[in-house]
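These notes concern the structure reproduced below.
Throughout, protein chains are lettered first and strands after them, A, B, ... in sequence-line order, and every chain is numbered starting at 1.
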Amino acid sequence: MTTSLVWFRDDLRVADHPALAAGRSEGAVVALYVLDEESEGIRPLGGAARWWLHHGLEDLRAGLERLNVPLVLRRGAAPEVLREVLEASSADAVYWNRRYGGPERSVDQRVKSEAAEAGLHAESFQASLLHEPWTVRNGQGEHYKVFTPFWKAASARHVRPPVDAPARQGSAPANLPDSEDLADWDLLPTHPDWAGGLREAWTPGEAAGHQALEDFLDGPVADYPQDRDRPSRPGTSRLSPYLRWGHVSPFQVWDAAVRARTPRNHQAVQTFTAELGWREFCWSQLYHHPDLAEANLRPEFSDYPWQWPRESGTPHDAGAFPDPVPDGGPSPTARVRAWRRGRTGVPLVDAGQRELWATGWMHNRVRMVTASFLVKNLGIHWRVGEQWFWDTLVDADAANNPANWQWVAGSGADAAPFFRIFNPLTQHDRFDPDDDYVRRWVPSFGQEGYPEPIVDVKQSRAAALEAYQRLRDANR
DNA sequence: TGTCGGTTTCA
DNA sequence: GAAACCGAC
């Protein structure tokens, strides 16, 4: 009987998993997950992501157990691990669902060629994106740089239906490679255990993801265009971490959304599926610009006087002002510290940052506001914010996170124009008029002890516009 | 998926 | 005097 190895990555599910389905159709399957912290260029997971991964893997193991498929856990450089595990399992083939980041693609390519050299069958599948990034092209044959035409072209294309979870296998493969113990990976925080808020807010896993999808399409989707901007309301799908980890696939979301469509909610469903479109667009950007998290897509922004906190990891070639800033006010280090902990004295910003710190997630409207505040009002480089979100979000996504930070900063493809600067006070009035959200996360709001704004919103906005104007003049 | 300051419109 | 409207950033 044939044995296949199915390599799980950002697709921790058993349904709509083409690689798993392919392996099962050939015979017996061994599942593998590799925690690769060694391969060149692979970005180490943030703290909140590690927490989610731990529980996501437990859930995957349970899901695979129901199919009688054993899950092998290994740490190390993926090509080496694959070599070992393929040999130990006497597998004839290895299957996986495609990844689209630069370093990940290099790793996968290496695994594929090494498998071929060893006379093994290696095959990859489309499962994480509705549209392969190299297939969505404009009239000139180039990838789209603007969202609206991108999504217009992409969403007109056929989307395959989700595939079912495979049938339970009668017997597990004879040769089972050793597995490491998940607990030894230290993915969960211990001293201190800061994950209490995450546990309260989230249930990682495939079933929970589908429950979230179903609950959303059962009700809230009808009011999505309005309610999604109100952070105090349960108006969003909260699917982001489930999509990030692949507990739910975009094909499943697309299919469910299309099925939930009625004449009445048609427009609202389209607004929702456009968010899948943004995800596709972000991944297209990362595919075509593997350095999306490091480099401005608009190179002229390298001359913008972004500031960096004084701490390790600050690039020396960032064109940054020294700490403290020349024109007075709190130092970049103090600004960043206040922003991270939600002590800027700007209520909506502080509420968002505290929601993030407590739950590993922030409402999208508020993400735009806190990001704009960091980049435009505090004058800090978007990469500082991108790194913080990467470390704290349970949905930290290698494409969405940097693409959206560049969107806010104005340095990205189809980005918000730099002069589109959110006023956090106006946004507060408009989207949290009853202060429900702000009071939930900042109990001291409106009371003595709540700090004054760390910078003047109006003055700092004007300063950002001036710096931008100088940049434009210099580039003319 | 913006804000601001100015002008116009209308009750 | 509020609300709608507009251009500039």
Grab the [atom1]-[atom2] distance between [X] and [N] for me, whole Å please.
X	N	atom1	atom2	value
His428(A)	dT3(B)	NE2	P	14 Å
Trp151(A)	dT1(B)	CH2	P	19 Å
Asp227(A)	dT1(B)	CG	P	14 Å
Arg420(A)	dT1(B)	CZ	P	9 Å
Phe431(A)	dT3(B)	CZ	C1'	13 Å
Phe422(A)	dG2(B)	CZ	P	6 Å
Gln469(A)	dC4(B)	CD	P	18 Å
Leu465(A)	dG2(B)	CG	C1'	11 Å

Handout entry: Under 4.0 angstrom between Asn423(A) side-chain N/O and dC4(B) OP1 or OP2
Key =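 Yes, within the criterion.
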
Exercise for the section: Would you please confirm or rule out a distance under 4.0 Å between OP1 or OP2 of dC9(C) and any side-chain N or O of Lys376(A)? Expected result: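 Answer no for this pair, as no side-chain N or O of Lys376(A) is under 4.0 Å from OP1 or OP2.
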
Problem - Aromatic plane relationship, Phe8(A) with His17(A) - under 30° parallel, 30 to 60° tilted, over 60° perpendicular - result: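 Tilted: the ring planes of His17(A) and Phe8(A) meet at 30° to 60°.
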
Practice task
Classify the angle between the aromatic ring planes of Tyr468(A) and Phe418(A) as parallel (below 30°), tilted (30 to 60°) or perpendicular (above 60°).
Solution key: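 It falls in the parallel class, under 30°.
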
Handout entry: Full working for ring pair (Phe, Tyr, Trp, His ring centres under 6.0 Å) between Trp134(A) and Tyr287(A)
Key = CA-CA 8 Å; Trp134(A) 55 88; Tyr287(A) 177 81; 5.5 Å; yes

Exercise for the section: Name the nucleic acid region contacted by Arg430(A), choosing base, sugar-phosphate or nothing; use a 4.0 angstrom heavy-atom cut-off, strictly under. Expected result: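 Sugar-phosphate, backbone atoms only, no base.
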
Exercise for the section: Have a look at Arg461(A) and say if it touches a base, only the backbone sugar-phosphate, or nothing, with a 4.0 Å heavy-atom cut-off. Expected result: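 Base contact.
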
Handout entry: salt bridge (charged side-chain N to carboxylate O under 4.0 Å, His left out) partners for Asp414(A), two or more places apart
Key =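 If we apply the salt bridge (charged side-chain N to carboxylate O under 4.0 Å, His left out) test to Asp414(A), skipping adjacent residues, there are no hits.
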
Exercise for the section: Might you confirm whether atom CG of Asp164(A) has over 12 heavy atoms from other residues, nucleotides or ligands at distances under 6.0 Å? Expected result: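 No.
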
Exercise for the section: Measure from the side-chain heavy atoms of Trp278(A) and tell me the nearest of dT1(B), dG5(B), dC9(C). Expected result: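 Per side-chain heavy atoms of Trp278(A), the pick is dT1(B).
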
Practice task
Return the nearest nucleotide to the side chain of Gln427(A); candidates are dC9(C), dG5(B), dT3(B).
Solution key: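 Within the option list, the nearest is dT3(B).
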
